[in-house]
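The block underneath contains the structure these notes are about, expressed in structure tokens.
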Number of protein chains: 2
Amino acid sequence: MAVTMNDVARAAGVSLKTVSNVLNDYEFIRPATKQRVQDAIVELGYEANLTARSLRSGKTRMLGLVLSDLSAPYYAELASRLMKAASLRGYRVLVEQSDAVAEVELNALQGPFRQLTDGLLFTPLVIDADAIAARLGKKPLVMLGEHILDPRFDLVTMKNEEAAAALTAHLLAAGRRRIAVVGARPEESTGSPGLRLNGYRKALEQAGVPFDPALIAPCEWRRDNGAAAVAGLLDKGVAFDAVFGLNDVLALGALHELLIRGVRVPDEVAVAGFDDIDEARFASPSLTTVSPGMEEIAQRSIALLLDRIEGQETAGQGVHVEAGFQLKVRESAP
Amino acid sequence: MAVTMNDVARAAGVSLKTVSNVLNDYEFIRPATKQRVQDAIVELGYEANLTARSLRSGKTRMLGLVLSDLSAPYYAELASRLMKAASLRGYRVLVEQSDAVAEVELNALQGPFRQLTDGLLFTPLVIDADAIAARLGKKPLVMLGEHILDPRFDLVTMKNEEAAAALTAHLLAAGRRRIAVVGARPEESTGSPGLRLNGYRKALEQAGVPFDPALIAPCEWRRDNGAAAVAGLLDKGVAFDAVFGLNDVLALGALHELLIRGVRVPDEVAVAGFDDIDEARFASPSLTTVSPGMEEIAQRSIALLLDRIEGQETAGQGVHVEAGFQLKVRESAP
DNA sequence: GGCATGGTCTGCAACGATGTATGCCAGGAA
DNA sequence: TTCCTGGCATACATCGTTGCAGACCATGCC
């Protein structure tokens, strides 16, 4: 079938191992020999068999990326950037969609998926730190997002609380006093919903504006839920002059519902989101939001994970990286 | 390190091959033996080593998906669906982003990427059928999208021309006469841009409306280009009463630019797109578009590719599958 | 001349699974 | 009894690569 190292060795008149040495940049090879081998490789069109290499070396040069749903714009953009960053260092990314199902998340930690990858970028949504620690093998794992804050794990995240506070402060400064929050998850305090809600509360407090639980609309982070949540508030007659969607698709769903109902944005109700997905700039009105430094997150998580994979330090404290953020003020909440 | 078949064999008191036979559902094994092996597997927590299996069997149970950019909403949704469909049949999908660079597309056909996968789902954007045929190995390949229509290859696509014609007819029926087209690629006639443009022209012809080249704005399929293209038309003073974005992000970019400039949509100008991405429903105004049956495309491409991989028929004529479409009439072009 | 040294290359044994060929045993046919 | 067949299990070679240990040779030093 395919050309093997043996064929190359025969063609170059050297041993199989010498071919291997050339391919692996072994130091002590005479230039002439090296050249002969390389010529033979080109002539025969030899390509190393990655599977065999993986079996022997125990490395696959693939990274695993676990997220809930690749079709969510934020994850799609993140995955795209992660793949590019990994590619520059000679790695590929294999994506696993968990759909926020616990079993899938658990299997990603120890099943076949783990075997296929040298390290994991993990966005856990439903399982907790202990469950992860219990199943964690010795392969490196970097947490993405902020659902789990645990000193045992490496983590790359964004300034959720600060950014949410800054955004809320911006709304308050514009005179908004009743800011509805769409997409909260009241029972949690650590995940992104919790942290962002915290930021919101801190900003209110700082401004001396009372917190009103009636303004908090919990839901899953999907566009249609954002619309439904706002519809719910309107139907219940809850008064509000701004909507903070805990991510952009929620905010855009909310924005849509408001406009349908004839609510003027931003005159009557301001709308703001979080993530700064590509779409935010081109919404009508364009969406005020927080840019969480996605490129920085991508770069640094790849760098951190690869350092763990290629470096020697196996354990020690987890490193926590926080990317910077930028407030993007646009038409929906000037 | 890890538990191997040998360990299981020892624990169960059978030979290594018997363990392999149990795992591969070999027919003639005494129930008692089978049970002992399975117990040992559970007790030791054995997991088959996929790399070794791949080396021996020559199969990886991975499919390659080549597309230009995973962060484009259409591709993100498609990739997500393809991965789910593949997963149901026990396959994983490895994504490669070509960025529409010829070299990357070519390498996907024969380099390491090909080696890692049992079959390819390929969306070629810049290389042509002959280049593909020249490098095609014996592993199955299914074309996605419609940039290449060639009897040599399997292809799963959508009814680009018909759907574009139907959409154009809808605009004409609503009384629009000067329909600008954003995202054309005038030099091509086969890719999606070409086919959709054809559909547009046929519908015009059928309605007896003259074709005006001034209304055709060529550009790459990105949101900002959609906006820029409309800006260009307005600045040049080209009169139009509708915009047909050859995909949704173009249409949404165009929509944004129109609204910014104070053009009323749909009163003065109607806007329509193509793809029916999630976002289209929630745009303001919501976007009239064509739903190309993405789920059907995903299902059928996976089915076709896996039939090729697992079936015996290697060659023969390429199969061409066309998914159905639906016109989604919404506010932007009622 | 003997011996350590260092550069260059080689052979062998793995990595962990599967395919092929074969052995062995029991039971039925000859 | 002998032969054959079918059910069940095994041994061995093999996939293509890399790690380890060592062979060989020339050089330089005592």
Side-chain angles (χ1 to χ4, degrees), chain A residues 1-38 40-41 44-62 90 111-112 114-116 118 137-139 310, chain B residues 1-38 40-41 44-62 90 111-112 114-116 118 137-139 310:
Chain A
M1 291 269 292
V3 184
T4 77
M5 267 192 176
N6 234 320
D7 302 329
V8 175
R10 213 172 351 245
V14 296
S15 80
L16 181 155
K17 189 66 226 279
T18 298
V19 179
S20 168
N21 285 337
V22 170
L23 260 59
N24 292 282
D25 288 322
Y26 179 64
E27 197 178 354
F28 302 117
I29 303 178
R30 234 177 317 174
T33 313
K34 189 166 184 171
Q35 191 58 53
R36 243 181 322 140
V37 171
Q38 285 169 333
I41 287 176
L44 299 180
Y46 167 77
E47 273 183 8
N49 180 317
L50 299 182
T51 311
R53 183 173 281 175
S54 290
L55 174 60
R56 188 65 247 240
S57 68
K59 307 266 170 196
T60 60
R61 294 191 81 83
M62 289 214 281
R114 199 71 210 274
Q115 241 188 65
L116 288 170
D118 292 343
K138 60 184 63 157
K139 287 192 187 170
E310 294 173 352
Chain B
M1 291 272 291
V3 184
T4 77
M5 266 194 174
N6 235 319
D7 301 330
V8 175
R10 214 175 346 247
V14 297
S15 81
L16 182 152
K17 189 68 223 283
T18 299
V19 179
S20 168
N21 285 336
V22 169
L23 260 60
N24 292 283
D25 289 320
Y26 179 63
E27 194 179 355
F28 303 117
I29 306 179
R30 236 172 316 175
T33 313
K34 189 167 186 171
Q35 191 59 51
R36 248 183 317 143
V37 170
Q38 284 169 334
I41 288 177
L44 298 180
Y46 167 78
E47 273 182 8
N49 181 315
L50 299 183
T51 310
R53 184 174 282 176
S54 290
L55 175 60
R56 189 63 245 241
S57 69
K59 306 266 169 196
T60 61
R61 295 191 81 80
M62 289 215 280
R114 200 69 209 277
Q115 240 188 65
L116 288 169
D118 292 342
K138 60 184 66 159
K139 288 191 185 171
E310 294 173 353

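Quick caveat, the model's predicted, so the values are computed rather than measured. Convention: sequence-line order gives letters A, B, ...; per-chain numbering from 1.
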Taking the side chain from B:N49 and the backbone from B:T51, do they hold a donor-acceptor pair closer than 3.5 Å? yes

Selection from C:dT10, D:dT17, D:dT10 that lies nearest to any side-chain heavy atom of A:N21: C:dT10

Measure from the side-chain heavy atoms of A:A52 and tell me the nearest of D:dG16, D:dC8, D:dA11. D:dG16

CD of B:E47 to CD1 of B:I41, rounded to nearest 0.5 Å, is 11.0 Å

Distance, rounded to the nearest Å, where B:N6 contributes CG and C:dA14 contributes C1': 13 Å

Measure from the side-chain heavy atoms of A:Y46 and tell me the nearest of D:dG19, D:dA11, D:dT17. D:dT17

Closer than 4.0 Å, any side-chain N/O of B:Y26 to the OP1 or OP2 of C:dT20? no

Under 4.0 Å between a side-chain N/O of B:T18 and OP1 or OP2 of D:dT10, yes or no? yes

What is the distance from CD of A:E27 to C1' of C:dC9, rounded to the nearest Å? 15 Å

Can you see if the side chain of B:N24 gets near the phosphate of C:dT18 - specifically, an N or O under 4.0 Å from OP1 or OP2? yes

To the nearest Å, how far apart are A:L44 CG and D:dG16 C1'? 15 Å

Report the nucleotide, chosen from C:dT10, C:dG16, D:dT10, that has the shortest atom-to-atom distance to any side-chain atom of A:L55. C:dG16

Result for 5'-nearest mapping on DNA chain D, choosing between A:E47 and B:V14, is B:V14

Give a yes or no on whether the backbone of A:S54 and the side-chain of A:T60 come within a donor-acceptor separation of less than 3.5 Å. no

So what does B:L16 touch, heavy atoms closer than 4.0 Å: a base, only the sugar-phosphate, or nothing? base

May I ask you to verify if any side-chain N or O of B:T33 is less than 4.0 angstrom from the OP1 or OP2 atom of D:dA9? yes

I need the NZ-C1' distance between B:K17 and C:dG23, as an integer number of Å. 15 Å

What I want to check is whether an N or O donor and acceptor connect the side chain of B:R30 with the base of D:dA9 at under 3.5 Å. no

Expressed as a whole number of angstroms, how long is the span from A:R53:CZ to D:dC15:C1'? 15 Å

Apply side chain to side chain contact (heavy atoms under 4.5 Å, CB included) to A:V8 and A:V3, showing your working. CA-CA 8 Å; A:V8 175; A:V3 184; 4.3 Å; yes

Whole angstrom value for the distance that separates C1' of C:dA14 from CG of B:N49: 14 Å

Applying a 4.0 Å non-hydrogen cut-off, can you work out what A:S57 is touching in the nucleic acid: base, sugar-phosphate, or nothing? nothing

Do the side chain of A:R56 and the base of D:dT17 come within less than 3.5 angstrom through a donor-acceptor pair of N or O atoms? no

Atom CG of B:L50 to atom P of C:dT18: distance rounded to whole Å? 10 Å

Between C1' of C:dC24 and CD1 of B:I29, the distance in whole Å: 17 Å

At less than 4.0 Å, is any side-chain N or O atom of B:S20 found next to OP1 or OP2 of C:dT18? Yes or no. yes

Evaluate side chain to side chain contact (heavy atoms under 4.5 Å, CB included) for B:V37 paired with B:K34, printing each intermediate quantity in order. CA-CA 5 Å; B:V37 170; B:K34 189 167 186 171; 5.9 Å; no

Could you go through the side chain to side chain contact (heavy atoms under 4.5 Å, CB included) check for B:L23 and B:R53 one step at a time? CA-CA 12 Å; B:L23 260 60; B:R53 184 174 282 176; 4.0 Å; yes

